[in-house]
Undergrad: 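Have a look at the structure that comes next, please.
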Amino acid sequence: MVKYEPKAIEKKWQDIWAASKLFEPEINSALKKFFITVPIPYPDGFIHLGHLYTWTRADIYARFMRMNGYNVLFPQSFHVTGGPIIGMSNRINSGDEKTINVLKEQGVNDKELGLFGKNPKFLAEYFINTFKRDFADIGMSFDWRRTFVTTSLEPYFSRFIEWQFRRLRSLGLITQGSHPVVWCPHENTPLGDHDRLAGEGESPVMFTIIKFKCGEYVFPAATLRPETVFGVTNIWINPNVRYCAATMESGEKWIITENAQDKLKNQLKPVKTCEILDIKSFIDKKSVNPIDGKEVPILPADFVDADIGTGVAMSVPMHAPFDYNGLDVLKKKDSIKYGNIVPIKIIDVVDQKDLLKNAMNAFGTTKDGLEKATKFVYKKEFNQGVLNENAGTMNGIAAKLAKNNIIDLLKERKSYDYMFELEGEVVCRCGTRGEVKVLENQWFIRYSDKDWKAKARKEIEKMTVYPDEVKLQLLNTLDWLEDKAVARKGGLGTPLPWDREWLIEPLSDSTIYMAYYTIAHLIKNFDLNEVNDELFDYIFMNKRGKNIKNLSRLEKMRAEFEYWYPLDMRISAKELVQNHFLFFILNHVILFDEDKWPKAIGINGWLRIQGQKMSKSKGNSLTIHKALETYGADQLRLLATAGNGVDDEEWSTLNISGLNQRIEDIMQIIEIKDSFGEEEIELDRYLKSKLAKIINSATDNYKKLRYRSAVFSALFESVSELKFYISAGGRNKNLIMEYLETILKLNHPIFPHITDELFSYLGNTKMLEETTWPIYDENAIDNIMESEVEVVKATVEDIRNIISRIKKRPTKITIGIANSARFELYNKVFMETKHSRNVNEIRRTLRINDPIIDKLLKNPQKLPEKELKQDVEAKTFTELKQFIEGAFECQVQIIQKDKDEKAMPGKPSVEIE
RNA sequence: GCAGAGGUAGCGAAGCGGUCAAACGCGUAAGGCUUAGGACCUUAUGGCUCAGGCCUUCGUGGGUUCAAAUCCCACCCUCUGCACCA
């Protein structure tokens, strides 16, 4: 009994591949090139199975293209820009138990841990080495000569990034401005999602400030709904909170909560002086609504949250449940004083006359209920509402549009301002409450630029995207893409060449490095001083500057770039689609000529393990290194076939046994190969036809990165067809050998080690990647033969069914094939189904009166689906007689039927005795 | 909120107008093999039916069609991204 033992053979083949230099391609103008990459990873931990999902998918593509005759470049590098490496190092240094335990479990010793904590560079180098080791062990076909590390560890690469950013700046695509971020005042740093204990996903929301004048003072009401300003009946302040009169730079005296003045300071609205005052003294005084000049009273309300906005709110009772309820409370207290304040309805929603009241009745007047009602009302009114005659000049305008119109009006009247606020609470890991801060002099890359977007749109439309739906996602995201901050003050990275206290952040320094791969191994021969903008201009733009000398040395790099670029395929998981991939595309279209724009991208989902995404942070990741203790490389590579597209796919080790089984099946057939002979039978045509279809579908699926489907036909279907052929009496050695060779080729990209091994068992001395991909032979397709074999299989099913019904062991089975007249009618009907599947129509066209026609047309669901031939059916049954006898262990007779009503084409009559 | 994807038998997952009671894998059950277990092989696995038949199913509710898991509309639920965060 043969057993598949992957460990025994995998190292051997990895060494053979390495020695062959197969994966270190050189320029070869006789060959078409193919350049494929995966985004560079952060070496801040061990590579695990979740990562591998993406990389194996790329490696499979690289091997597939090599076998298809392409000169394939598949390099890999590493990313250390930004925070992750330093963050990891800091966590270890500060004794973070979770992190340390995970690493220890994965085999890091105390000495190494100590160094990790002290030296982020050591940490990065350590993990880069483990990545390389694990990549090799899993059989990745990388060209390691071109590896580099972005960015601060590699001055040559930094020069490249500087070149990129000077060019972007010279194109006017880098600007400086201010920008709101969530900020930790304790650590003095922006708070990303990963830095938060609470408030993940919270981002600054812009509140409109509308200035209501009251004598010398301004009441700056903060609101999310400026479109309701026509419906204001009063101003709310909270009598239980300390307020102050803050003198702003403009000289205006704003009445705001004490809290609010710090917020304003953070948002570049410095408060010059500030006097505490008794807010209660303003109650019942009048203020002026700037939109229409109407006077509205200032009233007390304890639901006004001192932590949000300015502490001054405008009251629109007809459109805000809290305001309505607040006014109600006051009216109950003092109906004379407040009785004449009437809610004003300014937004109409079709079919929703009493939207607010209904919502309040439905949700109640508890705090929670009012919040729900608020959400409900806001949503309906904003999306479906239209302003009415109470809204002055805005009458008839949709609420959605009115918002900006009203803001413009307020600006004209110098009654507008804005501030940022967090809707939910954000807490930093250090425990401090996060707040909004507007950063000054931040550098931006102008992804909002219309012309730039138009170019990118053109490229996306042209590009091949697997799977298809991702293209739509790219285009949609491009539409709302805004300017992006390109630099930060912390972490690692290349300084902005013109403002060196800012470091270029990771998503911005990783947009065009694929071009750098083409020269990465050569540029190191230069002195760093020689590596300047002119050099890059010459290589990448063919622009020869004054100081360019030593042309011959440069020429080699230029040739590499010209040969390998553009990038033909980039593979990644889906989370990079809406950020990295867009930046990658945008930078390419602006920095390179159109013939150097990327050709295709392939996106995959995640690997789930027991329903959860496999990731470092979830702690459910299995490192490749560990997994290789139990499984072989090819067995782990099977996980690349977990899915076809962007859906997340469940992976279980159980699939591995299915793989093992097929491999052992193949090994067994190879073992008995000498027992096969020369005889050719009808069934050969069936196997050849199946093989052709398998080649066709596997090839197509490989091309589209649909590996789940590819492995299904290349491995599972192919082996089971071969087993059927042999069990049904097939013995044609030449055919079987050709079949085996073909399926080894078809499986090689996914399972390179075992297929190379088995290929050598067949007496070959070449590696599979030195052979060529199987060619689909259309002439081998024999649909009638395939159909008739299916008829036999279906008949066996039928017989089984009957036997189980009548509950007796058969002694003899007689199978009656329909006569050729019936086949003729059958095929006539089949031909008609190509034009119409409407039974009445078929009947009308055919105009044949025959009980067989009636039978065929009885059920439109069961119309003939394929062409059948009487002689083939008869021959097939005769040839497979032994196969049928074997299944039932009794005598089988095949006869021709002339009159039997039951025998139909594709459905012979069956008599069981 | 905006955008994208998805809901299929006990589970994973194909199918994306007719050959669909739904591939394939796993699980489960019976039989074979074996001293026994494992592995392996065969068969069964929505319901009913003692001659190959019938009935009900593909998130929910409608619709289009001779025909819908597949197309259209509405609703419910799940996942993902949304920017200084890699």
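Numbers restart at 1 for each chain; the letters A, B, ... are given by sequence-line order, proteins then strands. Below, each value reflects all heavy atoms present in this structure, side chains not excepted, and no hydrogens, waters or symmetry copies.
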Undergrad: Just checking A:His580: base, sugar-phosphate only, or nothing, at a heavy-atom cut-off of under 4.0 Å?
TA: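 Result for A:His580 = nothing.
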Undergrad: Taking atom types as modelled, is there a side-chain donor on A:Asn660 or A:Glu664 under 3.5 Å from an acceptor on the other?
TA: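 Note: A:Asn660 and A:Glu664 side chains miss the donor-acceptor criterion.
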Undergrad: Please give, in whole Å, the distance from B:G12 C1' to A:Phe716 CZ?
TA: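 So the CZ-C1' distance, A:Phe716 to B:G12, works out to 13 Å.
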Undergrad: Looking only at side chains, do A:Ser713 and A:Ser697 share a donor and an acceptor under 3.5 Å apart?
TA: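 Note: A:Ser713 and A:Ser697 side chains meet the donor-acceptor criterion.
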Undergrad: Among A:Trp502, A:Phe583, A:Phe165, whose side chain to side chain contact (heavy atoms under 4.5 Å, CB included) with A:Val486 holds?
TA: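 Between A:Val486 and the candidates, side chain to side chain contact (heavy atoms under 4.5 Å, CB included) is satisfied uniquely by A:Phe165.
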Undergrad: Please work out which of the three classes, parallel, tilted or perpendicular, describes the rings of A:Phe584 and A:His580, given edges at 30° and 60°.
TA: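 Parallel, since the angle between the ring planes stays under 30°.
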Undergrad: Using whole Å, what does the distance between atom P of nucleotide B:G4 and atom CG of A:Asp479 come to?
TA: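 Atom CG in A:Asp479 sits about 10 Å away from atom P in B:G4.
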Undergrad: Of the listed nucleotides (B:A5, B:A83, B:C40), which one gets closest to any side-chain atom of A:Leu472?
TA: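 Of all the options, the side chain of A:Leu472 is nearest to B:A5.
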Undergrad: Name the stems that RNA chain B belongs to, where each is three or more consecutive Watson-Crick or G-U pairs with both distances under 3.5 Å?
TA: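 The stems are B:1-7 with B:76-82, B:10-12 with B:24-26, B:27-32 with B:40-45, B:46-48 with B:53-55, B:59-63 with B:71-75.
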Undergrad: Need one value for A:Asp483: base, sugar-phosphate or nothing, where a base atom within 4.0 Å counts as base even if backbone is also close, heavy atoms only.
TA: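 Base, at least one base atom sits under 4.0 Å.
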Undergrad: Taking B:G12 as the reference, what is the distance to B:A3 when you measure between their P atoms (whole Å, please)?
TA: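 After rounding to an integer number of Å, I get 30 Å for this pair.
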Undergrad: Answer yes or no: is there an ion pair linking A:Lys484 with A:Glu505, defined by an N-O contact shorter than 4.0 Å?
TA: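 Yes.
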Undergrad: Base, sugar-phosphate or nothing for A:Leu481? Non-hydrogen atoms, less than 4.0 Å.
TA: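 Base, at least one base atom sits under 4.0 Å.
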Undergrad: Between A:Asp479 and A:Lys453, is there a salt bridge with N-O shorter than 4.0 Å?
TA: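 No, A:Lys453 and A:Asp479 are not salt-bridged.
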Undergrad: If the P atom of B:G53 is compared with that of B:A44, how far apart are they to the nearest Å?
TA: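 One P to the other, the span is 16 Å.
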Undergrad: Among the nucleotides B:G81, B:C84, B:A14, which one has an atom lying closest to any side-chain atom of A:Lys484?
TA: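 Closest nucleotide among those given: B:C84.
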Undergrad: Quantified in whole Å, what is the P atom distance between nucleotide B:U42 and nucleotide B:U57?
TA: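 34 Å, rounded to whole Å.
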Undergrad: 5'-most contact on RNA chain B: A:His179 or A:Glu790, nearest heavy atom basis?
TA: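 Counting from the 5' end, the first nearest nucleotide belongs to A:Glu790.
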Undergrad: Suppose you measure atom P in B:C66 against the same atom in B:G61; what distance do you get, rounded to whole Å?
TA: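 So the two P atoms sit 24 Å from each other.
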Undergrad: Say you pick atom P in B:G38 and the same atom in B:U28; how far apart are they, in whole Å?
TA: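 B:G38 and B:U28 have their P atoms separated by 11 Å.
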Undergrad: Take the protein atom CD of A:Glu469 and the nucleotide atom P of B:C16, then report the distance between them rounded to whole Å.
TA: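 My rounded result for the distance is 14 Å.
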Undergrad: Check whether any side-chain nitrogen or oxygen of A:Gln661 sits under 4.0 Å from OP1 or OP2 of B:C40, and answer yes or no.
TA: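 Looking at the OP1 and OP2 atoms of B:C40, one of them is under 4.0 Å from a side-chain N or O of A:Gln661.
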Undergrad: Which atom pair, heavy atoms only, marks the closest approach of A:Asp44 to A:Pro84?
TA: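 Answer, listing the atom of A:Asp44 first, then A:Pro84: OD2-CB, 3.9 Å.
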Undergrad: From CG of A:Leu582 over to P of B:A83, roughly how many Å is that when rounded to an integer?
TA: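 Rounded to whole Å, this separation is 14 Å.
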Undergrad: I need the CZ-P distance between A:Arg488 and B:C84, as an integer number of Å.
TA: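 Going from A:Arg488 (CZ) to B:C84 (P), I get 10 Å.
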Undergrad: May I have the distance from A:Asp509 (atom CG) to B:C84 (atom C1'), rounded to whole angstrom?
TA: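 From A:Asp509 CG to B:C84 C1': 13 Å.
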Undergrad: How close do A:Ala818 and A:Pro905 get, heavy atom to heavy atom, and via which atoms?
TA: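 Result for this residue pair: CB-N, 3.8 Å.
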Undergrad: If you measure from the Lys or Arg side-chain nitrogens to the Asp or Glu carboxylate oxygens, is any gap between A:Asp854 and A:Arg843 under 4.0 Å?
TA: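 A:Arg843 and A:Asp854: salt-bridged.
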Undergrad: Can you check the distance between B:G10 and B:G46, where both ends of the measurement are the C1' atom (answer in whole Å)?
TA: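 Comparing C1' positions in B:G10 and B:G46 gives a spacing of 12 Å.
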Undergrad: In whole Å, what is the span from the CD atom of A:Gln635 to the P atom of B:G25?
TA: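 Roughly 18 Å, once rounded to whole Å.
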Undergrad: Expressed as a whole number of angstroms, how long is the span from A:Met206:CE to B:A83:P?
TA: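 To the nearest whole Å, that distance equals 16 Å.
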Undergrad: On the 0 to 90° scale, with breaks at 30° and 60°, tag the A:Phe131-A:His51 ring pair as parallel, tilted or perpendicular.
TA: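 It falls in the tilted class, 30° to 60°.
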Undergrad: Have a look at A:Glu482 and say if it touches a base, only the backbone sugar-phosphate, or nothing, with a 4.0 Å heavy-atom cut-off.
TA: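 Here A:Glu482 touches the bases of the nucleic acid.
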Undergrad: Nearest to the side chain of A:Arg706, heavy atoms from C-beta on, is which of B:G15, B:U80, B:G25?
TA: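 Among B:G15, B:U80, B:G25, the one nearest the side chain of A:Arg706 is B:G15.
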Undergrad: Give a yes-or-no answer on whether the side chains of A:Asn587 and A:Tyr447 include a donor-acceptor pair shorter than 3.5 Å.
TA: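 There is such a pair between these side chains.
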Undergrad: Write down the distance separating the P atoms in B:C71 and B:G52, rounded off to the nearest Å.
TA: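 These two P atoms come out 35 Å apart once rounded.
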Undergrad: Mapping A:Phe444 and A:Glu865 to their closest nucleotides on RNA chain B, which lands nearer the 5' end?
TA: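 Comparing both residues, the 5'-ward one is A:Glu865.
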Undergrad: How does protein contact run along nucleotides 44-55 of chain B, one letter per nucleotide 5' to 3', with B for base contact, S for sugar-phosphate only, - for none, heavy atoms under 4.0 Å?
TA: S----BSBBS--
Undergrad: Can A:Lys897 and A:Glu911 be counted as an ion pair, charged N to O under 4.0 angstrom?
TA: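 Counted as a salt bridge, because a side-chain N and a carboxylate O are separated by less than 4.0 Å.
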Undergrad: Does A:Asn476 reach a base, just sugar-phosphate, or nothing at all? Heavy atoms under 4.0 Å.
TA: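 The answer is sugar-phosphate, as A:Asn476 gets under 4.0 Å only of primed atoms, P, OP1 or OP2.
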Undergrad: Please state the C1' separation for the pair B:A23 and B:C16 - nearest whole angstrom.
TA: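 Each nucleotide's C1' atom is 14 Å from the other's.
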Undergrad: Which nucleotide sits closest to the side chain of A:Phe712: B:U80, B:C85, B:A23?
TA: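 Output: B:A23.
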